[in-house]
There are 2 protein chains.
Amino acid sequence: MKATIYDVARRAQVSIATVSRVVSGRARVTEETRARVLEAVRELNYHPNPVAQGLALQSTRTLALIIDHFDSIYQAKIVAGAETEARAHDYHLLVQQVADLDGDKLRRLSGRIDGIIISGGASTDELLRAATEQSIHTVRLGSLVPDLRADAVVADNYKGAYEAMEHLIGHGYRRIAHIAGPESSPHGKLRAKAYHAALEDHAIPQPKEYLAHGDYTHESGFQAMVGLLELSEPPDAVFCADDLLAMGANLAVHELGYSVPNDVAIVGFDGLETGAYVTPPLTSVYQPIEQLGRVAVETLLWRMAHPDEELRETVLPTEIVLRRSCGCPAVSHVASSTAA
Amino acid sequence: MKATIYDVARRAQVSIATVSRVVSGRARVTEETRARVLEAVRELNYHPNPVAQGLALQSTRTLALIIDHFDSIYQAKIVAGAETEARAHDYHLLVQQVADLDGDKLRRLSGRIDGIIISGGASTDELLRAATEQSIHTVRLGSLVPDLRADAVVADNYKGAYEAMEHLIGHGYRRIAHIAGPESSPHGKLRAKAYHAALEDHAIPQPKEYLAHGDYTHESGFQAMVGLLELSEPPDAVFCADDLLAMGANLAVHELGYSVPNDVAIVGFDGLETGAYVTPPLTSVYQPIEQLGRVAVETLLWRMAHPDEELRETVLPTEIVLRRSCGCPAVSHVASSTAA
DNA sequence: CTGAAAGCGCTTACAG
DNA sequence: CTGAAAGCGCTTACAG
């Protein structure tokens with residue numbers, strides 16, 4: 001029922017080679033034959049079978065996006081950006097949830113894709129070696145890693161976090177705690193590093209108890225904050241490694257009868273829209289998540305076209321969004337954001 | 001560099017047919033040859049090329065998930081569920097953002113997938129006709145539609161919304177408003193219908209001004225609530241078509257100097273975890289979003305195996321999660337939820 | 001049980 | 001410019 005290139009050739013009285021040429025536009029064809037072929041194509045509603053093309057061309061025109069778990073708005077936005085950019089270039093996007101991608105899993109996937117975008121944490125040394133061997137181009141959602149043959153796309157985690165800290169310090173807070181991400185998070189590590197550096201640079205003490213850990217969930221932020229508030233000298237400000245932690249922390253402050261930002265100020269990271277709707281609206285470091293997905297695809301496509309260029313790392317700027325949880329007297333929950 | 005079936009055959013001293021047989025396990029082979037082939041497979045690290053298999057078998061073992069835009073936690077969870085289930089059956093998942101999928105776009109996709117899961121709103125009459133013509137199996141994330149040849153997977157929107165209304169009525173509220181979803185949302189329509197029915201059944205007046213509309217964003221919920229509060233007789237409770245609307249509405253109440261739930265109670269829909277972390281924690285109708293994605297894939301796979309069975313609609317139950325925005329005196333932001 | 005061969009639907013040197 | 005043919009890497013009747 002589905003027309004093939006043979007059907008078109010027969011109807012247009014030409015060979016399949018000619019049909020292929022006019023459909024692909026990759027070679028000169030007489031205007032007259034071309035018209036005949038096009039006519040047949042339309043009549044039969046012919047569309048080349050992409051699988052057959054894939055076999056002949058050794059290219060699938062599909063990319064894979066690999067992230068350990070698709071369960072938060074972050075992943076949704078990465079997918080949104082990546083799919084949009086892929087589609088703009090006539091590529092398709094496959095998604096896969098794999099935390100521990102290895103050479104073997106990669107090999108099973110490799111036949112159906114031309115390249116992969118992989119969440120920073122899962123792109124291990126072994127994996128990249130395997131990818132290289134199978135000549136699968138790879139871009140990391142994360143920083144460049146020495147000796148790993150993978151381009152990188154990442155937000156400026158360190159700088160963003162540092163600015164958040166300077167903002168808190170500027171408000172006059174001097175007992176600043178940090179609820180960090182899990183140990184396994186490369187981004188989290190950079191944000192924690194900036195936390196320490198900013199305090200150090202401003203000669204502000206940083207007691208060990210002021211460093212707590214969560215796993216990027218609301219509840220872990222809640223728990224961490226409870227711990228912080230039970231300290232004999234609780235912090236007067238907390239910088240959280242992401243907005244979910246910050247929202248959890250914020251509720252904990254309320255639950256224990258304190259107030260944000262009067263008793264303790266809070267700043268998050270990600271700049272999620274939802275942060276504008278908690279009480280008080282959450283100050284946060286915005287990172288362009290959807291754009292990260294878009295640029296990752298862009299980079300991958302570029303790499304596929306230029307296999308021998310040197311590694312490229314794209315660092316996207318962050319921007320602090322001032323709302324009220326930091327102590328700023330904002331006019332409205334939306335108007336005060338500096339980000340577009 | 002990548003081993004093909006020919007390489008394996010040569011090494012094992014058999015024909016490619018035999019290699020295919022042992023690798024696929026679809027036919028009897030002497031234990032001895034089988035061992036030789038397996039040995040060669042291992043040595044060469046052979047994995048069949050899925051594209052070639054796809055061409056030969058006329059099946060790609062990949063499914064497409066089509067939703068207009070991947071930008072909220074809802075879509076992330078659908079992807080999570082769908083990909084998990086697909087992977088469990090050795091299928092892959094392609095995602096695509098298309099609001100107005102039509103026969104033509106479908107045809108371009110059809111060569112690379114065996115079936116599609118499509119967001120309710122986009123599965124029009126025309127589309128389904130096209131899908132049927134191309135014998136592409138389709139499952140709707142939404143209700144069954146008369147005369148449309150597509151299985152359906154959906155949460156019990158009507159019942160969930162009705163229960164939410166009864167809960168508010170049980171609290172004693174009598175001026176209950178509704179912030180509905182956009183006109184284009186099938187789910188939204190059902191929730192609005194339940195709103196009206198519950199009031200009707202309890203002989204509670206429902207002034208026109210109490211029906212507002214949003215587009216499932218925080219900000220539209222905020223604006224709608226502002227409008228409601230400016231009424232000469234503002235509502236004392238508001239049922240929102242989703243949690244984002246509810247969070248926006250909640251902030252609006254605070255911004256205008258009122259209190260939730262004392263001045264106006266709020267109930268949302270979706271039961272997002274994040275709703276537990278606003279102030280006050282949001283009562284909501286939980287729907288198993290990830291499971292919707294999982295069951296959609298399950299249904300699609302079942303349909304592919306049983307093309308002639310009659311249409312199937314799976315309705316998943318919702319469950320009201322009592323937190324504090326409705327007026328319930330909850331012990332903790334988490335402990336009071338009735339949902340697991 | 002095993003192999004030779006055709007077929008899945010394309011693309012692209014190679015001739016003419 | 002156009003066609004015949006080989007090739008992409010598999011699967012599966014059909015013989016033997």
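Per chain, numbering begins at 1; letters A, B, ... match sequence-line order. Basis for what follows: all heavy atoms, side chains included, without hydrogens, waters or symmetry-related copies.
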Criterion side chain to side chain contact (heavy atoms under 4.5 Å, CB included) on A/V14 and A/V37, from CA distance to verdict:
CA-CA 8 Å; A/V14 295; A/V37 171; 3.9 Å; yes
Stepwise side chain to side chain contact (heavy atoms under 4.5 Å, CB included) test for B/D102 and B/L106
CA-CA 6 Å; B/D102 56 31; B/L106 183 62; over 6 Å; no
Is there a side chain to side chain contact (heavy atoms under 4.5 Å, CB included) between A/I136 and A/I116? Walk through the geometry before answering.
CA-CA 7 Å; A/I136 297 175; A/I116 69 176; 4.2 Å; yes
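Under a 3.5 Å cut-off, the side chain of A/Q97 and the backbone N or O of B/A80 do form a donor-acceptor pair. Looking only at distances, a side-chain donor or acceptor of A/R112 sits under 3.5 Å from a matching main-chain atom of B/T60.
Closest of all the heavy-atom pairs between B/E310 and B/R303 is O-NH2, 3.1 Å. For the pair A/A152 and A/S143, the tightest heavy-atom approach, listed with the atom from each and the gap, is CB-C, 3.5 Å. For the residue pair A/I73 and B/D71, the shortest heavy atom distance occurs at CD1-O, 3.1 Å.
A salt bridge links B/R36 with B/E32: the closest approach of a Lys/Arg side-chain nitrogen to an acidic carboxylate oxygen falls below 4.0 angstrom. Under 4.0 Å is where a charged nitrogen must lie from a carboxylate oxygen, and between A/D7 and A/K2 no such pair does.
Partner of A/I113 under the side-chain contact (heavy atoms from CB on, under 4.5 Å) criterion, chosen from A/I66, A/L63, A/L94, A/L65: A/L94. Partner of B/V139 under the side-chain contact (heavy atoms from CB on, under 4.5 Å) criterion, chosen from B/L300, B/L311, B/T314, B/I118: B/L300.
For the contact set between residues 53-61 of chain B and DNA chain C, defined by any heavy atom under 4.0 Å, the members are B/L55, B/A56, B/Q58. Within residues 20-27 of chain A, the residues having any heavy atom under 4.0 Å from DNA chain C are, by residue number, A/S20, A/R21, A/R26. Against DNA chain C, the stretch residues 4-19 of chain A makes heavy-atom approaches under 4.0 Å through A/T4, A/I5, A/Y6, A/I16, A/A17.
The OH atom of A/Y91 sits 5.5 Å away from the CG atom of A/L301 when rounded to the nearest 0.5 Å. The distance from atom OG1 of B/T30 to atom CZ of B/R34, rounded to the nearest 0.5 Å, is 10.5 Å.
Along DNA chain D, the nucleotide nearest to B/A52 and the one nearest to A/T33 differ in position, and the one closer to the 5' end is contacted by A/T33.
Taking 4.0 Å as the cutoff to heavy atoms of chain A, we find the contact window on DNA chain C bounded by C/dG9 to C/dA13.
With sequence neighbours excluded, the residues that form a side-chain contact (heavy atoms from CB on, under 4.5 Å) with A/E39 are A/R42, A/E43.
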Treat a base pair as Watson-Crick or G-U wobble with both distances under 3.5 Å, then lay out DNA chain C in dot-bracket form, 5' to 3', with | for cross-strand pairs.
|||.||||||||.|||
